[in-house]
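Labels below follow one simple rule: chain letters A, B, ... track the order of the sequence lines, proteins then strands, and each chain is numbered from 1.
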Amino acid sequence: MRLLNSRKAREAGFAYIVLLPAIAYFLVYFFYPIGVELWASFFRGQPLIGQSEFAGFENYRQALMDPRVRAAFGRTIVFATLGTFCTLVPALFLAAILSGPIKAATTIRAIIFFPYIISFVIVALMWKSLLDPYTGMLNVLLSFLDLPTQNWLSTPSTALPTIIAITVWKDIGYAMLIYIAAIQGIPKELYEAAEVDGASPAQRFRRITIPLLMPTTLFLAVISMIAHLQDLSAPYLLTGGGPAEATRLYALHVYEVAFLELNIGYASALSFLMFIAILAITFVQFRFLNREVVY
Amino acid sequence: MKLADRLSRCIAVALCLYGVGGAARAETLKVYWNAGHAYQAYADVIKKFESDHPGWTVEWGRFQWPDMRTKLVADLSVGNAPDLVAEPGGWVPEFALQGMITPLNDFVAKDGKDLGYPQDWQDFSVDRNTIDGKYYGIQLHLTCATLVYNVDMLKEAGFHKPPTNWQEFRKVAIATSKRGKFGFAPNQVATYYTPWIYQNGGALYDSAANKVAFDSPQSAQAIQFVADLIHKDKAAPLPVAGADYEGPQKLFTAGRAAMILTGPWDVSPIKTGNPKLNWDVAPSLTEKQQATMSGGVSLFIPKTAKHPAEAWDLLKRFVTLETELAASLPNGMTMPRKSWAADPKVKADPVLGKFSQCLPYAVDSSAKLSLTGKNAAVQDLFKAAIQDILYNDKPAQEVLSDYAGRANAALGHK
C-alpha cells in the first residue's frame, strides 16, 4: 500500500513538473495582467505610467453611467451577434455542400479559407480601396451597370453592416473548415439508415447533421463571439470608429480612453467590465447550446 | 618561453583587448519619429551623430502618429522609454503635466546661446512647449494649413484668382463641381474645421471660463457653412471615414477636387503623385478675420530616458538652421526658426514661401486646452460632433450644444 502511495506521489510530482511551464505561462500572461488591470481600475488617472489617486469604485460607476459606453457596448453586441450568426450559418451550409462529392471541392475550400490567413491590415487596405466612394472598383462597377453608387463606409447606416460583412468574409473559411472536419466524423451508417427509412437530404441534414454538430457549433459560437466582442482592428483600420460613431465598438472606445485620453484607470475598469460581460455571455452560450446528441 | 609565462602573456593581452572593447562598448539611442518625416537630411544627421560617437547606434523607429502614441504609452508603462520622441503637437503639455518629460532648462542654459533657443524660434512655438517657465519640448517643424487650389480647374470655371472670403469660396466651389469632380474636398479629421471657426470669430476653448467654445453661434455657423457645401450645394463630397487624413489630398492630386485645406505635409505627396498638376497655394480665407490652424512637430526627452545627454546632443543637431534648410527645401516643410523664414532660399521657394506666410495668423487650438489635461477627451467629443453634423446632416448648433455639454462635464471632472 505504502509502495503504491509513494508511486502515486512520484507520478503526481512528475505531472506537476511537466505542467509547470503551462502554469507559469498562465500565471504570467493571463492571471497577472488581469490582476494588474483590476488593481489599476480602482485608480483615477494613469496608474501604470503617471500620476493617479485611489478612486474606489468611481470608475465603474462612471462607466455604467456613461452614454457613450452604453452605446459602444450595444453596438458591439450587435456586431458580435450578427458577425457570429452570419459566419456560422453560411459556413455550415458550405461545409455540408463541400463535404459531398463536388468537383474541385478542395480548390473551392482553399479559396474560401484563404482570407482567414491574411493579416487584417492587408484586408482593411484592400477593402478600403475597393469600397472607396470616389475611386473604388465597386462603385465603378455599379456606375458601369447604371446602378446608384454607395458610400459604404462613410454612411452611418451602412458602415457597421459593411464591417460585419468584411469580418464574415474573412472568418467564414475557418468555421467552414472546422465544420467539414466535424461532418467527416459523423458515422456514415446513420445517413445510410435514414436513407433506407426514406429520409430526404434536407431531413437528413436537419435530423442528423445539425444535432450531431452541436458541440462544434458551441465551440465556434463561443470563440467567434469572444473574438468579435474584443474586435479592435476592424473599426480601427477601416473607419476609425466613424462615421458619427457608427462603428465605435467597445474595444476601440477602451483603446482611445487608454491611449489617446491617457485615462488608464478608467480604461482598465471598462476592460474589466467587458471581461465580466464575456464570461456572462459565454455562460449563456454554454447553457443554451451545450446539448450532446447520442444516437 | 615556459608554458606558464606564455599563458600569463596571453591573459594580459586578452585583458587589454577586453579593456579597449569595454571603453567603446555598444550603446543604443532609441528615437521615435513619424514615418512621413524620415527625410534624408535627418538620416544624414543620425549618420554624423553615430560617427561622432563611436560605438553608438541610433535606433530610428518610424511610426504613424496613432501607432507611435500606443507604443509610447505601452513602453512608458513597462519602463522601456525611448530617449527622444517627435510628437505631433499637444503631447508635450499632456505628458509633462503627468511628470513624464525631462525639463530641458539645464540643457538650454548650457547650449541655448549657441543654438539660438529660444530667441530664434517663433514665439508661439516656444510657448506651446513651455509650462511654468520650464521648457519641455523644442519645436522641430512649425506648420499651418491654408487653401491649396487647382489653377486649371478654377480657370476653366472662369476664375483667374483664388477666393479670399466665404462667399467667393462658395461660388468657386459650386462652379468647379461637375460629374465626378468636386469644388472642395473636406477632411474627416475634426481639426481641419477649426480654421472655419477662427475665421468666423469663434474659438474652440475659453480658458478663462474653463469651458469649450465650439458651441458658440460663430462656431455653429462656421460648421454649418461646410455642411451646407456638402448637402445643399453639392459642391463637396462627404469625407471618407477612416483613421487617416489623406483623402482630400488624394482627390486633389488626382485632379478631382478644385480646392483643399492642407499644410506643407501634403506638398511632397502632391508633387510626387501628380507632377503635371497645375496647383498653387493661396492665403487663408477671411470672413470676420483671416485665420487658420497651426500644427507642427516638437521633440521631447522622456523622464525615464536612459541617455538624456546624448538625446539632447542629437536633438540639437536636428534643429540647427543648416538641417532645417536641408529638410525643408526638398520636402516643402515649414520650420520654426525666425532665421529660417528670413532665409533668401525659403523666401524664393514658390510653395514654402506661401505656406510660411500663414504662420503669423495661425492658431494652435490645443495650446490652452492641453494644460487642462483633458485635450484628448474634448477633441474626441469635438470630432464626434463634427461627424454627427456632416454624416447625419443634423443642425450644427443643436449638435454642438449637445456635445459641448459633455465636453464641459469632462473638463469639470477631476
Side-chain angles (χ1 to χ4, degrees), chain A residues 36 40 44-53 55 58 62 66-68 71 124 128 131-136 139-140 143 149 151-157 159 162-163 232 235-248 252-253 255-264 266-267, chain B residues 66-67 69-79 81 91 94-95 97-100 180-182 185 188-189 237-244 247 250-251 254 256-257 302-304 373-381 383-394 399 406 410 413-414:
Chain A
V36 170
R44 184 183 288 122
Q46 295 75 28
L48 295 169
I49 55 167
Q51 294 165 358
S52 64
E53 55 182 89
E58 173 58 23
Q62 194 188 332
D66 190 340
R68 289 182 96 193
K128 271 184 90 164
L131 297 173
D132 189 287
Y134 311 111
T135 56
N139 273 353
V140 171
S143 294
T149 58
N151 209 339
W152 309 95
L153 289 167
S154 299
T155 304
S157 59
T162 306
I163 286 189
L232 171 70
Y236 179 77
L237 293 165
L238 286 162
T239 56
E245 306 218 316
T247 60
R248 193 178 170 100
L252 182 67
H253 186 71
Y255 164 80
E256 294 207 333
V257 168
F259 292 101
L260 301 186
E261 296 179 21
L262 283 186
N263 199 346
I264 289 174
Y266 185 46
Chain B
D67 300 335
R69 172 98 176 188
T70 311
K71 182 157 175 59
L72 180 65
V73 174
D75 282 349
L76 290 173
S77 69
V78 294
W91 295 12
E94 204 180 340
F95 283 82
L97 287 170
Q98 294 298 325
M100 289 187 268
K181 291 189 178 184
F182 306 98
Q188 55 92 22
V189 175
L238 258 182
V240 180
D244 56 51
K250 285 176 182 164
L251 277 178
R256 295 189 58 188
K303 194 142 210 169
T304 46
K374 303 282 182 185
N375 180 39
V378 170
Q379 297 281 5
D380 194 33
L381 285 161
K383 175 182 104 180
I386 295 290
Q387 293 199 348
D388 210 2
I389 297 163
L390 297 186
Y391 292 106
N392 290 325
D393 195 15
K394 285 186 183 169
V399 173
R406 298 191 216 176
H413 202 270
K414 254 191 163 184

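Proximity to chain B is absent for every atom of A/Ser52, based on heavy atoms less than 4.5 angstrom apart. B/Lys303 does not touch chain A: none of its heavy atoms, backbone or side chain, sits under 4.5 Å away. In this structure, chain A has a heavy atom under 4.5 Å from the backbone of B/Pro239, while its side chain stays farther away. With a 4.5 angstrom heavy-atom cutoff, A/Tyr255 touches chain B only via side-chain atoms. Contact annotation for A/Leu237: neither backbone nor side-chain heavy atoms come within less than 4.5 Å of a heavy atom of chain B. Heavy-atom distances place the side chain of B/Leu251, and not its backbone, under 4.5 Å from chain A.
Across A/Tyr236 and B/Pro66, no two heavy atoms sit closer than the pair OH-CB, 3.4 Å. Among all heavy-atom pairs drawn from B/Ala241 and A/Gly242, the shortest one is CB-C, 4.2 Å. Annotation for B/Ala74 and A/Phe259: closest pair N-CE2, 4.2 Å, computed over non-hydrogen atoms. Heavy atoms only, all atoms of each residue included: B/Ala384 and A/Glu245 are closest at CB-OE2, 3.5 Å.
Between B/Lys250 and A/Asp132, every side-chain heavy-atom pair lies at or beyond the 4.5 Å cut-off. For the pair B/Gln379 and A/Leu260, the minimum side-chain heavy-atom distance is 4.5 Å or more.
B/Arg69 CZ to A/Glu256 CD: the interatomic distance, rounded to the nearest 0.5 Å, is 10.5 Å. Atom CG of B/Asp380 is separated from atom NE2 of A/His253 by 8.0 Å, given to the nearest 0.5 angstrom.
Heavy-atom pairs under 4.5 Å with chain B peak, among A/Leu153, A/Leu238, A/Leu262, at A/Leu262. Counting heavy-atom pairs closer than 4.5 Å to chain A, the top residue among B/Leu76, B/Val240, B/Leu390 is B/Val240.
In this structure A/Tyr134 satisfies the side chain to side chain donor-acceptor pair (under 3.5 Å) test with no other residue, sequence neighbours excluded.
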